[in-house]
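Only one structure is covered here, and it is reproduced in the block below.
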Number of protein chains: 2
Amino acid sequence: MVAAEAGVTRSTVSRALNGEPDVSQTTIAHVRVVAARMGYVPNRAAKSLASARSMAIALVIPEPGVLALADPHLVAVMAGVSRRIEQSDYLLNLMVAGDSENQKIMRYLTSGVVDGVLVASQHSRHDALLHLHDLVPVVFSGRPTEETDPPNYFIDVDNAGAAGVAVSHLLGLGRRRIATITGPEDMAAAGDRTAGWRAALASAGLPADLVAVGDWTALGGAAAMRTLLDEHPDIDGVFAANDVMAAAAVSVLLDAGRRVPEDVAVVGFDDSSAALSARVPLTTMSQPSERSGELMADLLLRILAGEQVPISTVVESHLVRRESA
Amino acid sequence: MVAAEAGVTRSTVSRALNGEPDVSQTTIAHVRVVAARMGYVPNRAAKSLASARSMAIALVIPEPGVLALADPHLVAVMAGVSRRIEQSDYLLNLMVAGDSENQKIMRYLTSGVVDGVLVASQHSRHDALLHLHDLVPVVFSGRPTEETDPPNYFIDVDNAGAAGVAVSHLLGLGRRRIATITGPEDMAAAGDRTAGWRAALASAGLPADLVAVGDWTALGGAAAMRTLLDEHPDIDGVFAANDVMAAAAVSVLLDAGRRVPEDVAVVGFDDSSAALSARVPLTTMSQPSERSGELMADLLLRILAGEQVPISTVVESHLVRRESA
DNA sequence: TTGTATGCGTTATCAC
DNA sequence: GTGATAACGCATACAA
């Protein structure tokens, strides 16, 4: 620490720069000036080695690059996380991890360079993440695919309940052949939404036989809609597990000559930007995505501060009516 | 290093785990097994402190969160970078930095936790980044806003040339009132594209008076198009500096009752996903965005490996004809 | 091929 | 309020 050329010892410099108590104002000022003049930047590796804290948080999105970033819900979550972390002393680093590098990421997360971890889009095949909390605090966005002991912290909407509201809305419009386009089968949120759809149909005495599996993407949503339409031309309602797939479904329906919502009513999920840019503005279940991001970051920061926080936090969802249903 | 319980010293463990030469195969195997059993993960801070290398690379996107991730070109660059880095021993961490945290980021980048830096969307107000290469190797995507000494490495298309091709195409269609919707004025690529537009018009003996400043976003593009249309109803051609703005412009034109391309021909830039999802599929200047990402990552890796690499790398661009012009 | 000793740059625990 | 000095966990030059 060359800044010791300021006439004091390294200890004092350290204390001055870190704003610790019991340092005279004059030396603080002096050290600051000298450090600035010399362009001194503390070595972060040495710092974390000595202090056993890195002051960094990782946001992990276990999806192959492009895929994840095409989802406005995820992007909104990221934005929320980013905003909350910015206000703290922590530094955020984002890791969009293809499956291939899963091991690399796990080693990184457990190697002491991050004090906490946020996980956004967890699939059941990423089960290593579920036990990461043995080594470092973790908060999930979306219920983890598996219950662990001790449990993982997470924040989520009532997916099944929200799906129920969506389907009830379609039922209220007189629809009787209501299909669903699901998310990937290995994600908890996807499964819960499908379950909600199924339950709502069941309590209306209707069969829940119109299911097509999607993957959150426009391509997947379009393919699913085409399959449904081919096999069940009598469909009059669609509940898609996110807006991106709903927008793609609308597009397929229009191209197939169906009117939306007259012939087929469509409800999406998220109330993301995709809902507004769809060819027919989407009726959708809103979800406070950005707020969720802030909340999960806040939760983690509080855990790091030693606070006690609830295992699960449920955020609100409600129906937003537009033109598609 | 508790793994020394494997019957050897920490040095041997270190050597075995790092695959150094001159270690017997048997001890290597033995140490590996013990380490795995104990769930040992090397402390990265200690490792970088001792070796003076972090084996990490930062991809910096100096844009406020959401904005950046709405741009398919940037996302593609990110994907390319990510793919290339995955294949290496380095770890990528992404930093989407609002202006507010600029200082925080700079300290991070110079604090020794990353061995190299990639910068994606640099504005002139981020001039600190231009001198970062005094402390750590840096590669830019897109020509930096300022020439420095020593110069910064960068990779880019011939923006002015490509813009010229776009405008020539419009001229070839008989258009004479050709406007441009630019990118932000504080970015080099934006300025170069505007210059190319201006030059093409000049050499056709036409005035270059129809300019509206955009910001790469759909909102900005739409606003720019509305302004242009209000002030110059005789417009018959538009060159937008990216596809997102071009798509938004098409939308505004259609809503204003103009036919595209019959009344107003539109050319975009990037050939990104936005070009295909526009209401009229866009004619656009293609740019190998993902490839650029791979290239810049590759360049940085080679610099880190001690290789000599060219300061600037130009990637190809060409006109892709679709329906909008 | 393996063990020993030293240092990386910072924080932290003592004394002063 | 400040100065010594010992960790922090690993890599590495040197010795064996």
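First the proteins, then the strands, lettered A, B, ... as listed; each starts at 1. Fair warning: this is a prediction, and the values are worked out from it, not measured in the lab.
Checked by distance alone, B:Ser11 brings a side-chain donor or acceptor within 3.5 Å of a matching partner on the base of C:dT4. Contact annotation: side chain of B:Arg15 to base of C:dG3, donor-acceptor pair present below 3.5 Å.
One atom, CG of A:Asp22, and another, P of C:dA15, lie 17 Å apart when rounded to the nearest Å. Computed from coordinates, the A:Met55 CE to C:dT11 C1' distance equals 14 Å when rounded to whole Å. For the pair B:Leu17 CG and D:dA11 P, the interatomic distance rounds to 8 Å; values are reported in whole Å. For the pair B:Asn18 CG and D:dC10 C1', the interatomic distance rounds to 9 Å; values are reported in whole Å. Look at CZ on B:Arg10: it is 13 Å from P on D:dA7, rounded to the nearest Å. Between A:Leu49 atom CG and C:dG7 atom C1' the separation is 12 Å, expressed in whole Å. Look at NZ on B:Lys47: it is 14 Å from C1' on D:dT12, rounded to the nearest Å.
A salt bridge is defined here as a Lys NZ or Arg NE, NH1 or NH2 lying under 4.0 Å from an Asp or Glu carboxylate O, and B:Glu20 with B:Arg15 fails to meet this definition. With respect to B:Glu294 and B:Arg291, a salt bridge is recorded, a charged nitrogen being found less than 4.0 Å from a carboxylate O. A salt bridge is defined here as a Lys NZ or Arg NE, NH1 or NH2 lying under 4.0 Å from an Asp or Glu carboxylate O, and A:Arg84 with A:Asp298 meets this definition.
Under 4.0 angstrom from either OP1 or OP2 of C:dT10 there lies no side-chain N or O belonging to A:Ser48. The phosphate of D:dG3 (OP1 or OP2) has a side-chain N or O of A:Thr12 nearer than 4.0 angstrom. The side chain of A:Ser51 contributes no N or O atom lying less than 4.0 Å from OP1 or OP2 of C:dT11. Close to C:dT10, at under 4.0 Å from its OP1 or OP2, lies no side-chain N or O of A:Ser14. Contact between the side-chain N/O atoms of B:Tyr40 and the OP1/OP2 oxygens of D:dC10 is found at a separation under 4.0 Å. Using a 4.0 Å cut-off, no side-chain N or O of B:Asn43 falls inside it from OP1 or OP2 of D:dC8.
In this structure, CG on A:Leu299 lies 7.0 Å from CD1 on A:Ile155, to the nearest 0.5 angstrom.
Closest approach to the A:Thr9 side chain among D:dT12, C:dT1, D:dA4 is made by D:dA4 (side chain taken as heavy atoms from C-beta onward). Taking every side-chain heavy atom of A:Ala50 into account, D:dC8 is the closest of C:dG7, D:dC8, C:dT1.
Map A:Pro21 and B:Ala46 each onto its nearest nucleotide of DNA chain D; the residue landing nearer the 5' end is A:Pro21. Along DNA chain D, the nucleotide closest to B:Ala45 and the one closest to A:Ile28 are compared, and the more 5′ of them pairs with A:Ile28. Mapping B:Val23 and A:Arg53 onto DNA chain C via the closest heavy atom, the residue that lands nearer the 5' end is B:Val23.
Using bins of under 30°, 30° to 60° and over 60° for the plane-to-plane angle, the ring pair A:His123/A:His126 lands in the perpendicular bin.
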Applying side-chain contact (heavy atoms from CB on, under 4.5 Å) to B:Leu301 and B:Ile57, what does each step give before you reach the verdict? CA-CA 9 Å; B:Leu301 291 172; B:Ile57 287 174; 3.8 Å; yes
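When heavy atoms are screened at a 4.0 angstrom cut-off, B:Glu20 is found touching the sugar-phosphate backbone but no base atom.
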